[in-house]
Structure formats: structure tokens, C-alpha cells
Amino acid sequence: MTAKLQKKIRSVDRIVSDSDCPPDVPLILRVAVPSPLRQTFDYLPPKDCVRTALIPGTRLRVPFGRTQTVGVLVELSTTSQVARARLKPALAALDDAALLPAELLALMQWAGAYYHHPLGEVILGALPPPLRQGKPPQAVRAPRKTTEIETAVSIAPPPLNADQQRAVAALSAALDAAQPFLLDGVTGSGKTEVYLSVIEQALARGAQALVLVPEIGLTPQLVQRFRERFSAPLAVMHSSLSDGERLRAWLAARDGTASIVLGTRSAVFAPLARPGVFIVDEEHDLSFKQQDGFRYHARDVAVMRARRANVPIILGSATPSLESLYNVQQGRYRRLVLASRAGASRAPVMRVLDVRRQTLDGGLSPMLLQGVARHLGEGGQALLFLNRRGYAPMLICHECGWVASCARCDARLVFYQTQRRLRCHHCAAERAADAQCPACGCVDLRTVGQGTERVEQHLARHFPHAGIVRIDRDSTRRKGSMQAMLDDVHAGRSQILIGTQMLAKGHHLPNVTLAAILDADQGLFGVDFRAAERMAQLIVQVAGRAGRAGKPGEVLIQTHHPDHPLLRTLITQGYGAFAATALEERALSELPPYSYLALLRAEAVKAEAPLDFLRAAHAQAPAAHAVQLFGPVAAPMERRAGRYRAQLLVQAPQRAALHRFLTAWLPELEALKLARKVRWSLDVDPMEMI
Ligand code: ADP
Ligand code: ZN
Ligand code: ZN
């Protein structure tokens, strides 16, 4: 918002706070409504207007098209582009005080502008459904115990080690500063203890803490630690809350009843009465980026929010994103290092297993099987990681070569043996597995490759007396099933865990002494320029599960490319050295963080429509110095769920240049006739190039 505009609003505020509405004041209400149009809408005050109700951040019921909707007042003005006679009055003011704190409303305006997303969708999308529907901002019932707002007994923290003390001292000294920190600490180094100490200090000053985590369902232990530590009320916000629970947590955050707000991505837009410190745990995690609709990155929004609120933010990770490390290099973030594991545990030993020419049994090499046997024999547990669920990623006819493929996607169907079904992992398609080849009638259908289900079966054959749990999206669909499996591991009833990246996240499994990556090659040769970074992060995170208590840990990595330079650097010199090398490569190829990207995507049922639209979009691109367009090209998987997809990449050497370009370009895109034949979206700072 410009200073001029703010001044105007202040003067309008004065007009509005007069005792009643002089009819001659041409007061215009600028309202954000849930609409795909990138604009706000002007209204006149409601007929029976109570002027004190007309302040930014309140909701209004307004006529919209042939219906009516709930919108949020974002600005008051005395002028409008629309002729006064054509302006309609709002139907009713729904709040007599701002529903959204000014700080949050301004953040949302920034986010809408930065991601070039319609403001109404940004604001209304962040409200709990009852508020979006116009209901009053009151909780329906008093919060039940053991729901989303909790208090608990506090327990004594361990004495901090030297690294932790240094980090806490630096953070404490910055509680009044808009300073971002990167807390770069190996897994198990006690980052969470640092968060807890800093939060304690923020709470002592009467402020609130907002903590963002990747997925709460996957980190019940973290939530538990917060509950045990603080007697202050905690509001937990995540996607599986009911509407009522969400509203109560939201209101508790807004009125300050909740001292700590702990949530996933969308909690970055939680209202706060007294923001004091922001924390983003596992800041490198991809789940902070919303991949559809309003494509914001919660970490980046949190950094901006902290800066605007003039408070510190802590980005914590054992495997920081290259973006954050670059920000440290540039002096924008301060890096705090926790160099070693806290308490008694030591860093695990990493070993590469060269699987070339080895007999693989369900993807398991003899060396790996021996490793598992050794660790189990010594009373340890083993964790095996494979980022592919199902039994096998491919079902093929041995007679004619037919492959089971999805009818609606350019993808193979994944074979599930226990249910004898085929499933597409890209759309909802699912069917019974063929008993014979639909092309030639032959019954010799074979599976190629392995997923977690197959590995589980092979492990069961090799270790008939061991308890085995499989943790992936298929096995954890039922609520509580994940916790039940982890409980089995904790109690020692299960000794082997096989799973996807769900396993790599934050679990503290003290008796796991062996962690294994079954297929490191997947990441080394991915199409996305971030594939190697993701693989390195995964390897380190999986490795971080081994040897977390007193027992020494071992990490085994199966690969066909034991001499791959990035893999070697990672294994021999660690993540920091890997990241430095990877950053040099990014600089040479002018990729983020050394350039700024936006991806224009389009999809349609008709094969040619997306490319036609993107070609027209390319032709409309405003002349802009140093901004380059690449494409349009078909998406790596062109057809998904029956729709063809294509993309056009925009690259700029500076953020400002990118945004100037996008600001000029978007109205042209909206005006394109071909735009009506496709679904299109703009992804600013895309994290996945698909
Ligand atoms: P991170 O968040 O970096 O993975 P945690 O904070 O979860 O690390 O700490 C890992 C383990 O070490 C936890 O069991 C924690 O209780 C313990 N721990 C952390 N700090 C200390 C300390 N200073 N002394 C003893 N144990 C500690
Ligand atoms: Zn066949
Ligand atoms: Zn499909």
C-alpha cells in the first residue's frame, strides 16, 4: 500500500467515525470477494449503515452477479473507476470490529500481489468455513478438553549444550528485530529444544509464537512435546480439523487465548493478537508450497510476515534449502549452527552399496540383507526407505510387451498384489488386475520393479521371525494406523520398517540403528533441476533416523552410480559441501536461487488448446529487459486425468524484473480469447516443474 493511499484511508477513517452517515459523503467500499478475477469490487455502504462497522478487515454481505456473497472490506475510498450510479450498496455489514487484524490483512494483500493471485481467494480462502459463510465470529461450543486448544503440565527442559546456548542467546538478543535466522542443525542436534527455549522467552514477554511444521499427522511426537512443555494454551491447526474445531483454533489465535499456534502450511495466515516469534521447522520441506489454487510458499510468506511484524523468524533444518543457504551467503539470514547431535547419540556412518551386477531380491542386495540381519541380531531395528508405493510400478505381458497403462494419464498403472488391483498414482483410476493380456490373451503377465509392498513381502521371507511394518500412504489411510505401527516399533514388537518419505519425517525411533536407501538413482537423474537437492535431503533425513539414542547408527545407500560426484560429495563431506557444490551448479546454469522463475501452466481436454493458449500468451509478452521466456512445451507428463497439459517458463535475473513483467502480462492473458478454452494458472517461484 502506498503512503498516499494510507493517508487517504486515515482521512476516510475520520469521516467514518463521525456520529452518523452524511448522505453526501461519497464513501466507496473496496471489497475482496471470492472470485477468480484479479481485482477488488467497489460498493456503496449498506443502507442502514453503522459507520463504526465500516473499517478494513470487516466482512460485508454484497450482491455479486445474480447472487450475493460474503466479502472482506479492504479499503475505504472516496473515488471509484465505476460510475457512481452503477455502484450497488452492500447488503449488510457483518462485523462491528475488524475480523482480520490489520497486520494480517496487509500481509494477505502483499501475498495476493506477490503471487499474482485474486485477493478475494487469498483472504476468504484463509478463513474458517463458518466465517467464510458469514456466520458470527463466535465458537459454537466451549472447547472440549483434548481437542485443538490445550493446556498441559510443563516438564523440565534438559540443560542446553554449548551450541544450543549460543543459538538461544543470539535469538533472545533479536526478539525485537526483524531478523531471519537459519538454524542449521544436524538431525537430533536439539533444534526443537532451541525453539522451545525461544518460545518460552517470547511467551514471558506476553507475545505469541507461530510454529509451522510440514505435516502434523506425521509428527504427533512434536505436538506432544509442545503440550508437555508449556502450560500455556496451544492451538493446533491442520487440514483434518472439523469446521467447528478450525473456528475455535482460529479465534483462540486471534484473541490471544492461544499463546502458541502450531500448524501446517495454511497456519501461516492464522490471525495473531501479539506476534512475537515465527518458526518454520524443516524449512526445506516441499509441503510448505501449495501446489494448486493459491500457490504460495508458507516459509516465504512467514519470512515476509515476520519482517513486517518486526519480529524474528527461525527456519530450522538439517538439510536447508539452497534458497535459504543462498540467503545466508547474501547476508539476509543469519546462520546458527548446531554441529553435533545432542545428548549421547553420535552421527551415523554412511556407506554406499554398489549394486551393479548384484543379484537383487525384491530390490534388496545381499550386502543390504546381511546388514539388516546383523543389526537385528544385535538387538537393533532397521528402517528401509523406498519412495514408491504398491507392489510393482509396471505390469507387462511377457508374450507381446503390452503394458498396463492409465486410460486418462500418460502413466503406467501400479500393481497391488494383495488386492490384485491396478491403480494410477496420478488420478483416481483403479481396476482389478487383468488375469490375461488384453492385447494377445497370454496369461504370462509379469511385474517389473518394486514398490514398498513387494519389498515388505521379500523381507518377510528373509526375516520370518521379525515384525515388519510398512508405512506409506496406502497403509496409513485409516486414522490412527500410523501411530499404531509406530507404537509397535517403539514397543519392540516390530524390528523392520519399510516405507516412503512419510518415514523420513521427524520420527524419533531410538532403537533404529540401520537406515537404508534402496534406490538412490531415482533422484540422481530426475527431470527436475531440484531432483539432486531433494535426493540429498532425503538421504540425510533418512540417515537421521539411525542411531538416535546411545547405539551407533549405520546408513546403507544402494546405487548403480557409486561414483556420482554429488553423491560422493554428500557421503564423504556431508550436506554442507553437497549444497555448496549444488549452488555452484545453479549459478552456472542461472537457475534459482540465482534467477527467478514463474511457470504459466495450462490444461484442457482438447490436446491443442493448452499450447495454443500459451503461444498466444507468449506473443502478448510485454517487452522487458532481461526477462526470458522458454517454451511453451508439453508438460513432462502431458496427459493427466484426461486433460492435456503444457507450460511456459518465465525467467528473470531479478525478482523485481519478474514481477514488473508479470504485472504487465497478466491483464493481457486474462483478455485472451483462447484463455476461455483452457484452465490456466500462474505459479510464482515454482517448486516443481511439472
Ligand atoms: P532436532 O529437532 O534437531 O531433531 P531434538 O530437539 O528433537 O533435535 O533433540 C533430539 C533428542 O535429543 C531429543 O530426544 C531431545 O530430547 C534430546 N536433547 C536435545 N537437547 C538436549 C540436551 N541439551 N541435552 C540432552 N538431550 C537433549
Ligand atoms: Zn500380450
Ligand atoms: Zn491416471
Side-chain angles (χ1 to χ4, degrees), residues 155-168 183-199 211 213-214 219 221-226 228-229 279-283 314-320 336-347 393 395-414 422-431 434-446 490 504-511 540-541 543-550 553 637-645:
I155 58 158
L160 299 178
N161 63 32
D163 274 355
Q164 287 171 318
Q165 284 176 21
R166 250 194 306 279
V168 171
L183 184 60
D184 184 351
V186 298
T187 50
S189 59
K191 293 185 291 297
T192 312
E193 283 304 325
V194 172
Y195 305 152
L196 295 171
S197 291
V198 175
I199 291 172
V211 184
V213 296
T219 49
Q221 290 170 353
L222 183 75
V223 180
Q224 191 55 32
R225 258 169 97 179
F226 273 79
E228 283 169 2
R229 186 62 168 273
I279 292 168
V280 182
D281 189 31
E282 309 290 1
E283 66 88 27
I314 312 172
L315 309 179
S317 178
T319 53
L336 303 170
V337 179
L338 305 183
S340 55
R341 287 193 173 181
S345 72
R346 272 172 296 128
L395 183 68
I396 190 168
C397 171
H398 197 51
E399 182 69 30
C400 76
W402 168 88
V403 172
S405 311
C406 180
R408 307 175 68 227
C409 307
D410 292 329
R412 290 168 186 150
L413 292 170
V414 176
L422 290 165
R423 290 204 185 106
C424 176
H425 284 178
H426 305 282
C427 73
E430 173 174 352
R431 62 181 172 85
D434 307 87
Q436 58 187 73
C437 174
C440 75
C442 165
V443 293
D444 191 0
L445 297 180
R446 300 191 181 182
H490 276 285
K505 299 201 176 171
H507 308 294
H508 186 60
L509 304 163
N511 207 29
V540 175
Q541 296 289 341
R545 302 307 114 213
R548 285 179 65 97
M637 185 199 296
E638 185 173 11
R639 204 166 45 107
R640 192 170 72 190
R643 306 176 76 89
Y644 289 84
R645 305 167 325 132

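When a ligand or atom number is given, it counts from 1 through the structure's own listing order.
Below 4.0 Å from some heavy atom of G190 lie the following atoms of ligand 1, by number and element: 1 (P), 3 (O), 5 (P), 6 (O), 8 (O), 9 (O), 19 (C). Each of the following atoms of ligand 1 lies closer than 4.0 Å to a heavy atom of E193: 6 (O), 19 (C), 20 (N). The distance from ligand 1 to the heavy atoms of N161 drops below 4.0 Å at these ligand atoms: 23 (N).
Rounded to 10°, the angle formed at the Zn ion (ligand 2) by SG of C440 and SG of C397 is 100°. An angle of 110° is found at the Zn ion (ligand 3) between C406 atom SG and C424 atom SG, rounded to 10°. Here the angle centred on the Zn ion (ligand 2), running from SG of C437 over to SG of C400, is 110°, rounded to 10°.
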>> With side chain to side chain contact (heavy atoms under 4.5 Å, CB included) as the criterion, how do L160 and S197 come out once you've worked through the C-alpha distance, each side chain's angles and the decisive distance to 0.1 Å?
In response: CA-CA 9 Å; L160 299 178; S197 291; 3.7 Å; yes
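In this structure, the separation between CZ on R545 and CG on L509 is 7.5 Å, given to the nearest 0.5 Å.
Residue P510 places no heavy atom under 4.0 Å from ligand 1. Under a 4.0 angstrom heavy-atom cut-off, G185 registers as lying outside contact with ligand 1.
Checking side-chain atoms of R639 against main-chain N and O of A407 turns up a donor-acceptor pair under 3.5 Å.
Around atom CZ of R645, more than 12 heavy atoms belonging to other residues, nucleotides or ligands sit under 6.0 Å away. Surrounding CZ of R412 are at most 12 heavy atoms belonging to other residues, nucleotides or ligands under 6.0 Å away.
Taking any N or O of P158, backbone or side chain, none lies under 3.5 Å from an N or O belonging to ligand 1.
Ion pairing between E282 and K191 fails under the 4.0 Å rule for side-chain N and carboxylate O.
The proximity of T192 to ligand 1, defined as any non-hydrogen pair under 4.0 Å, involves the side chain as well as the backbone. Only the backbone of P159 comes within contact range of ligand 1, with a heavy atom under 4.0 Å; no side-chain atom does. Neither the backbone nor the side chain of Q165 has a heavy atom within less than 4.0 Å of ligand 1. Looking at R341 against ligand 1, nothing comes within 4.0 Å, counting heavy atoms.
The one candidate from V337, I279, I314 that meets the side-chain contact (heavy atoms from CB on, under 4.5 Å) condition with L183 is I314.
With a cut-off of 2.8 Å, the Zn ion (ligand 3) has an N, O or S atom of C427 in range. Coordination check, C442 versus the Zn ion (ligand 2): failed, since every N/O/S atom of the residue sits at 2.8 Å or beyond.
R341 and A543 get closest at one heavy-atom pair: NH2-O, 3.9 Å.
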